[in-house]
Peer 1: 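Have a look at this one before I ask anything.
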Amino acid sequence: MSENDKSITESVFGETSEVTAKKETPEGAAETAVKKETAETTAKQEIPQTLTEITAAEENKTISRNFIEQIIDKDLAEGVCDSVNTRFPPEPNGYLHIGHAKSILLNSGLAKQYGGKFNLRFDDTNPTKEKSEFVESIKADVQWLGADFEDRLFFASDYFEQMYEGALKLIRKGKAYVSDLTAEQMREYRGTLTEPGKDDPNRDRSVEENLRLFEEMKEGRYADGEKTLRARIDMSSPNINMRDPILYRVAHLSHQNTGDKWCIYPMYDYAHPIEDAIEGITHSICTLEFEDHRPLYNWVVEELEYPHPPKQIEFAKMYLTNVVTGKRYIKKLVEDGIVDGWDDPRLVSIAALRRRGFTPESLRLFVDLCGVSKANSSAEYSMLEYCIREDLKMKRSRVMAVLDPVKLVIDNYPEGQTEQLEIVNNPENESLGRRTVPFSGELYIDREDFMEEPPKKYFRLFPGNEVRLMSAYFVKCVSCEKDENGKVTVVHCTYDPASKGGNSPDGRKVKGTIHWVSAADAVKAEVRLYENIIDEEKGVYNDDGSLNLNPDSLKVLKECYVEPSVRGAGAYDSFQFVRQGFFCVDCKDSRPDALVFNRIVSLKSSYVLPKK
């Protein structure tokens with residue numbers, strides 16, 4: 001339903017939104033997301049099943065059909081339809097978020113599963129907030145998710161003429177009339193949830209008068225809000241949506257697709273079933289808040305006598321805990337400069353997830369794990385993070401990056417020498433091959449990998465201790481240098497030339513392994529560490545309705561060094577930074593000579609896939 005339709009409906013039928021709001025409220029966080037903390041890394045995740053095992057199990061087990069598939073199977077078996085055609089009908093007034101991803105993947109997936117067609121259609125019946133910018137971003141999102149609408153890109157405004165003709169047909173059948181009531185008067189006539197409404201004084205106008213007045217509305221003779229076209233159904237209906245709903249309103253606005261051709265625009269509840277019927281949609285799949293609108297949907301297609309009326313089916317929305325999806329909240333975050341746009345990687349718009357480094361495959365896995373049902377529920381954000389780890393851990397190279405650098409000098413390494421060490425790209429996936437990484441006598445290591453006075457069970461570098469430089473040599477710390485403030489600036493070590501490759505011929509063991517980059521060869525980069533923009537301990541909203549923002553949702557590290565294999569990486573290229581997490585090249589701010597990496601997700605997880 002468009003925002004303008006909602007405002008008109010709420011002003012006329014105020015309690016309709018109250019009824020549907022109860023259906024939209026989550027019934028609590030899903031208990032399937034177990035919150036037991038683990039020390040999981042992508043090298044060894046303590047999860048009952050891997051993605052590969054899940055896929056294999058799905059292929060071998062008896063197929064379980066969700067309730068939508070069961071309805072479709074029955075319709076096909078009974079000859080109600082001989083194909084399955086679906087659509088995704090967004091309003092182009094903002095960016096899509098992760099909840100829309102479920103609808104996109106569900107609708108396109110069903111069409112593909114049953115060998116049917118999937119349409120992308122823009123519900124552009126409300127010209128007040130629609131922009132071509134949003135049209136282009138939505139098209140990009142749908143295509144990125146892999147939902148193939150081929151050449152079937154449509155606009156509701158393409159059907160304005162048929163909708164107008166449909167309205168004339170309803171008037172001639174005595175099923176619609178022009179009303180003079182103002183919004184305030186309509187509220188007085190509407191009735192309540194427990195009391196029937198009263199007939200509009202204009203309800204019994206003649207067909208001829210209604211045809212004349214509606215034509216005058218179309219010609220622009222009336223001001224905005226001065227007249228409406230209403231369906232003549234039942235003012236005593238227990239469903240407020242059926243109490244003579246508005247079909248058309250006057251709005252002297254320029255439309256992004258049709259320009260100034262029209263000054264009357266159809267309401268969503270009237271337009272949507274017509275669009276579905278014209279396009280031959282067999283199953284109009286939407287979210288639960290439209291369940292109470294289904295009788296009106298059916299009324300429209302029946303009264304307009306479409307030979308193959310579509311069937312509306314409702315499913316539960318996908319709620320994600322502790323995220324911001326409301327357009328007005330995101331708009332304020334953008335205007336206040338808290339985020340750098342609708343695609344800021346801390347948001348969960350599809351554009352933001354793509355910029356952060358999420359993949360279509362990870363979102364499909366997330367949607368599959370959430371399932372399809374009629375019951376509202378919520379998914380933990382950690383479950384989404386689990387999905388991207390599962391998708392990337394076998395696909396991406398593991399490279400070395402030092403985010404908080406301190407120099408390490410190997411005192412006994414040949415001066416001026418650089419050697420190339422061969423390193424496996426991904427120990428869990430040999431098909432990704434190997435690469436060479438330069439090694440020299442001056443390296444960068446992470447500052448946390450050295451302590452002058454370490455606590456017990458600290459196995460990294462400290463004076464007198466020996467560690468393994470990953471895939472390189474054993475080194476022993478001998479001393480360190482500090483600046484005037486006592487901050488360590490250089491760590492000095494010696495190396496064992498016989499331990500090349502990370503093992504010593506004499507069989508001695510070391511307990512610590514740390515990563516490194518060659519100081520002379522490393523690529524300097526900016527790294528952005530993202531956390532949830534919401535303070536998860538306090539919840540999304542304050543008592544006054546404002547957002548509980550996390551002040552530490554973004555940490556920018558300017559002096560980072562990455563091994564040279566990332567040189568030349570382009571927008572959206574992603575890697576696993578060893579011992580750090582998965583990172584993606586930022587599509588907006590990164591340049592070939594100044595790389596910027598966004599952290600997609602850390603290696604640690606608080607989500608465990610439930611056993612089945």
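Computation of the quantities below employed the complete heavy-atom set of this structure, encompassing side-chain atoms and omitting hydrogens, waters and symmetry-equivalent molecules.
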Peer 1: Would you say the side chain of Y114 lies within less than 4.5 Å of the side chain of L76, judging by non-hydrogen atoms?
Peer 2: yes
Peer 1: With a 4.5 Å heavy-atom cut-off, do L181 and R230 have their side chains touching?
Peer 2: yes
Peer 1: Flag the pair V540 / Y329 as yes when at least one side-chain heavy-atom distance between them is below 4.5 Å, and no otherwise.
Peer 2: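 In short, these two side chains do not touch, never coming nearer than 4.5 Å.
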Peer 1: If we only count heavy atoms from C-beta on, is the K327 to W342 side-chain gap below 4.5 Å?
Peer 2: yes
Peer 1: Does the side chain of D276 reach to within under 4.5 Å of the side chain of R121, using non-hydrogen atoms?
Peer 2: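 D276 reaches R121 side chain to side chain.
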Peer 1: Could you check whether any side-chain N or O of R355 sits under 3.5 Å from a backbone N or O of Y572, counting only pairs where one atom can act as donor and the other as acceptor?
Peer 2: no
Peer 1: Taking it one step at a time, do H255 and F160 satisfy ring-ring contact (aromatic ring centres under 6.0 Å, His included)?
Peer 2: CA-CA 12 Å; H255 190 281; F160 277 176; 5.6 Å; yes
Peer 1: Are K198 and M235 side-chain neighbours, meaning at least one heavy-atom pair lies under 4.5 Å?
Peer 2: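 Result no, sub-4.5 Å side-chain heavy-atom pair not found.
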Peer 1: For H272 and Y268, take the angle between the two ring planes, folded into 0 to 90°, and tell me which bin it lands in: parallel under 30, tilted 30 to 60, perpendicular over 60.
Peer 2: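 Taking Y268 first and then H272, their aromatic rings lie parallel (interplane angle under 30°).
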Peer 1: Side-chain donor-acceptor pair under 3.5 Å between S546 and D544, yes or no?
Peer 2: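 There is such a pair between these side chains.
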Peer 1: Under a 4.5 Å cut-off applied to non-hydrogen side-chain atoms, are E361 and L365 in contact?
Peer 2: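 The answer is no; the side chains never approach within 4.5 Å.
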Peer 1: Using side-chain hydrogen bond (donor to acceptor under 3.5 Å, both in side chains) as the criterion, point out the one residue from E279, E275, R87 that pairs with N119.
Peer 2: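 One option only clears the test, and that one is E279.
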